[in-house]
J.: 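The structure's right below; bear with me while I get my questions together.
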Amino acid sequence: MKTVFGEGQFRWYATATSDTGGLKRLASQFNIDQEILTYAQDPHERAHVEYDADTGTFLLIFNVAHREKIENHYDASPMTFIVKDHELFTINDEHTSYVNDLIAGFVKAHPEVTPIELLFNALFLVSDAFFPLVQDVAAEWRHYTSSLRERTTKSKLLELSDLGIGLIYLVAAAKQNAVVIRQIKVQQPYHRLSDSAREQLDDAEIEANQLVEMTEMSSQIIGQLSDTYNNVLNNNLNDIMRFMTVWSLLLAIPTIVTGFFGMNVALPLENAPHAWLIVTGIAAVLWLAMGLMLRHSMRK
């Protein structure tokens, strides 16, 4: 996709990572280094920034959030931005293609923008796109909190864990993005930027830092919730085991007494007319005594 802006002075080319032919044209027509295109096609490439003074190529790889969940959690993948001469190039996969619509909308509203200013505004828009996802996760963990208070189950804890995993991805992506924006300020082209471009970069940095704070806070909350409810389950298990232990001890008393009087040897009371009542009474007294001892011990 080609878009002309800045009164026809500048051009923006949007290419998909799956478009092999388009990537080859970028390499041949605009002399984009093949190594850069290799970065763009790597779905696991870390966010970073580079500047090649010989070719005047400014490369920036930025993490972009997926709007759709994958395996019940949100994720992010890298998107490549290249500024060279009067062109801005973006290379993205199917999960991050919505950023092209955001950039196109900004160009339509600000046709006078330059490629580097468009890049910085795109970074702001990308960071801003994370916030609805984090808010959606926050709404979900609030729902799980209410549900878990009513009944703590393994399935609900696993779903809460999925949310936590997704937030870990978002936290990592947001932190890398914030670092990349700070690194731009130590690159050679930064010193040639206009005041307007620097202001837009500052806005993008503020948005990225706010995103880091918000994702970290949500991640910590979910981690605390998971720990709390895991402790609740462990306490419930301990209570059940204690209950079973007490009852097993109490049920052992009648068994011991009746077993003693059931031996085929001479025993006291074997000729008594009401021996079974006496044996039952002995078992009941011992059972009650054991119960009182266990109750006193557990209260301590």
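As a basis for the values below, the full set of heavy atoms in this structure was taken, side chains included, without hydrogen atoms, waters or symmetry mates.
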J.: Rounded to the nearest 0.5 Å, what separation is found between the CD atom of Glu199 and the CG atom of Leu193?
T.: 12.5 Å
J.: Within a radius of less than 6.0 Å around CZ of Arg198, do more than 12 heavy atoms belonging to other residues, nucleotides or ligands occur?
T.: yes
J.: Is the shortest heavy-atom distance from the side chain of Ile116 to the side chain of Gln200 under 4.5 Å?
T.: no
J.: Should the pair Phe89 and Tyr13 be assigned to parallel (<30°), tilted (30 to 60°) or perpendicular (>60°) ring geometry?
T.: parallel
J.: To the closest 0.5 Å, what do you measure between OG1 (Thr17) and CG (Leu37)?
T.: 11.5 Å
J.: Take Tyr98 and Arg67 through the test side chain to side chain contact (heavy atoms under 4.5 Å, CB included) and record every step on the way to the result.
T.: CA-CA 9 Å; Tyr98 70 90; Arg67 284 183 165 177; 3.4 Å; yes
J.: CG of Leu123 to CD1 of Ile184: how many Å apart, nearest 0.5 Å?
T.: 5.5 Å
J.: For a side chain to side chain contact (heavy atoms under 4.5 Å, CB included) with Phe58, tell me which candidate from Ile82, Leu119, Asp52, Leu88 qualifies.
T.: Leu119
J.: Answer whether the closest heavy-atom distance between the side chains of Glu87 and Leu26 falls below 4.5 Å.
T.: no
J.: Would you compute the distance between atom CD1 of Ile168 and atom CD of Glu216 and round it to the nearest 0.5 angstrom?
T.: 12.0 Å
J.: So His95 and His66, would you call those rings parallel, tilted or perpendicular, with 30° and 60° as cut-offs?
T.: parallel
J.: Within 45 degrees of the axis of the six-membered ring of Tyr74 and under 6.0 Å from its centre: does Lys69 put its NZ or CZ there?
T.: yes
J.: Any donor and acceptor pair, going by atom type alone, linking the side chain of Asn209 with main-chain N or O of Glu205 inside 3.5 Å?
T.: yes
J.: Between Ser127 and Phe124 (side chain of the first, backbone of the second, donor and acceptor by atom type, cut-off under 3.5 Å), is there such a pair?
T.: no
J.: Any side-chain heavy-atom pair from Thr57 and Ile36 closer than 4.5 angstrom?
T.: yes
J.: Would you say the side chain of Val107 lies within less than 4.5 Å of the side chain of Thr3, judging by non-hydrogen atoms?
T.: yes
J.: Within the supplied structure, the quantity of interest is the number of heavy atoms (other residues, nucleotides, ligands) at a distance under 6.0 Å from Tyr169 OH; does it exceed 12?
T.: no
J.: Would you give the length of the straight line joining atom CG of Leu118 to atom CG of Leu125, rounded to the nearest 0.5 angstrom?
T.: 9.0 Å
J.: Any ion pair linking Lys185 and Asp202 (charged N to carboxylate O, less than 4.0 Å)?
T.: yes
J.: Working to the nearest 0.5 angstrom, can you tell me the gap between Asp93 CG and Met79 CE?
T.: 9.0 Å
J.: Is the backbone N or O of Asn63 less than 3.5 Å from a side-chain atom of Asn177, with the two atoms forming a donor-acceptor pair by type?
T.: yes
J.: Hydrophobic cluster membership, with links at side-chain heavy-atom distances under 4.5 Å among I/L/V/M/F/W/Y: are Tyr39 and Phe62 in one?
T.: no
J.: Do other residues, nucleotides or ligands put more than 12 heavy atoms under 6.0 Å from the CD atom of Gln9?
T.: yes
